[in-house]
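Step one of this worksheet: look at the structure below.
Just so it is clear, the model here is predicted, and its values are computed rather than measured.
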Amino acid sequence: MVRPTERPILTPFCTKLTSIEQTDVAGAPTLDLVLTSFDAWLASHGVSESDAISVWCGDWDLKVCLPNECRRKGLFGLVPPVLRRWCNVKIPFCEVTGSRKRMGMAGMMDRLGLELTGHHHLGIDDARNISKIVCKLAQCGGNKVLEPTSSTPDAAIYRKRQWQEGGEPATATL
């Protein structure tokens with residue numbers, strides 16, 4: 001969870017949509033701390049932009065929301081580079097299933113015969129459901145279905161790659 005700072009009190013709409021309660025975010029870290037912690041977690045697991053890709057249901061979160069939020073809060077150089085490119089799962093879904101229409105997560109799960117679990121629009125539950133879609137697509141179309149489909153040219157919010165001697169990327173030190 002990330003503690004909201006500009007509008008710290010959650011609206012009833014937000015709670016209904018996500019199931020997130022005020023108590024869930026009251027003691028949560030702010031976005032800058034979450035980004036720094038996530039980057040450290042990635043580094044501790046040896047994950048870098050050269051060997052990993054994140055998968056999302058749509059482009060809005062990483063193409064619009066996160067860059068706008070970081071710019072508005074003056075958070076530059078904090079977003080892990082692994083989030084600069086991603087796979088919008090709707091695209092490989094269409095390729096593997098032959099669907100001409102990009103569906104939302106619930107529609108894709110239904111079409112693939114998967115059960116939607118948890119609360120739709122709650123980040124961790126959405127991530128689990130997207131992973132189910134990814135696994136099913138990989139079963140049907142192979143691992144190569146998960147390629148980058150989108151990226152952002154907005155480099156200012158991303159942490160710069162760290163290079164070691166010899167021109168190889170180095171593990172981030174935080």
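Between Pro80 and Asp39, the closest heavy-atom pair is CB-OD1, 3.5 Å. A pairwise comparison of heavy atoms in Ser54 and Leu62 identifies OG-CD1, 4.0 Å as the closest pair.
In this structure, Glu115 contributes its side chain and Met109 its backbone to no donor-acceptor pair below 3.5 Å. Side-chain atoms of Thr15 come within 3.5 Å of backbone N or O of Ile20 as a donor-acceptor pair.
Annotation for Arg7: atom CZ does not count as buried by contact number, only 12 or fewer foreign heavy atoms lying within 6.0 Å. Within a 6.0 Å sphere centred on NZ of Lys136, heavy atoms belonging to other residues, nucleotides or ligands number 12 at most.
Two different hydrophobic clusters hold Trp86 and Met105 under the rule that ILVMFWY side chains link at heavy-atom gaps under 4.5 Å. Hydrophobic clustering (ILVMFWY, side-chain heavy atoms < 4.5 Å, transitive): Val2 and Leu83 are in one cluster. Val79 and Val34 fall within the same hydrophobic cluster, where Ile, Leu, Val, Met, Phe, Trp and Tyr residues are linked whenever their side-chain heavy atoms come under 4.5 Å apart, directly or through other members.
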Practice task
Apply side chain to side chain contact (heavy atoms under 4.5 Å, CB included) to Thr30 and Leu33, showing your working.
Solution key: CA-CA 5 Å; Thr30 55; Leu33 298 175; 3.8 Å; yes
Practice task
Test side chain to side chain contact (heavy atoms under 4.5 Å, CB included) on Leu31 and Thr5 and set out the steps.
Solution key: CA-CA 9 Å; Leu31 182 59; Thr5 56; over 6 Å; no
Practice task
Could you walk me through whether Ile91 and Arg102 pass side chain to side chain contact (heavy atoms under 4.5 Å, CB included), step by step?
Solution key: CA-CA 7 Å; Ile91 294 171; Arg102 289 189 187 176; 3.5 Å; yes
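Under the 30°/60° scheme for interplanar angles, the aromatic rings of Phe38 and Trp41 are found to lie parallel.
Atoms CG and CD, from Leu10 and Glu21 in turn, are 8.5 Å apart once rounded to the nearest 0.5 Å. Separation of atoms NZ (Lys90) and CH2 (Trp56) is listed at 13.5 Å; rounding is to 0.5 Å. The CG atom of Asp126 lies 10.0 Å from the NE2 atom of His119; values are rounded to the nearest 0.5 Å. Atom CG of Leu78 sits about 12.0 Å away from atom NZ of Lys73, to the nearest 0.5 Å. Of the inter-residue distances, the one linking Cys57 atom SG with Asn129 atom CG reads 10.0 Å to the nearest 0.5 angstrom. Atom NZ of Lys101 and atom SG of Cys94 lie 10.0 Å apart (nearest 0.5 Å).
No side-chain heavy atom of Arg84 sits under 4.5 Å from any side-chain heavy atom of Glu49.
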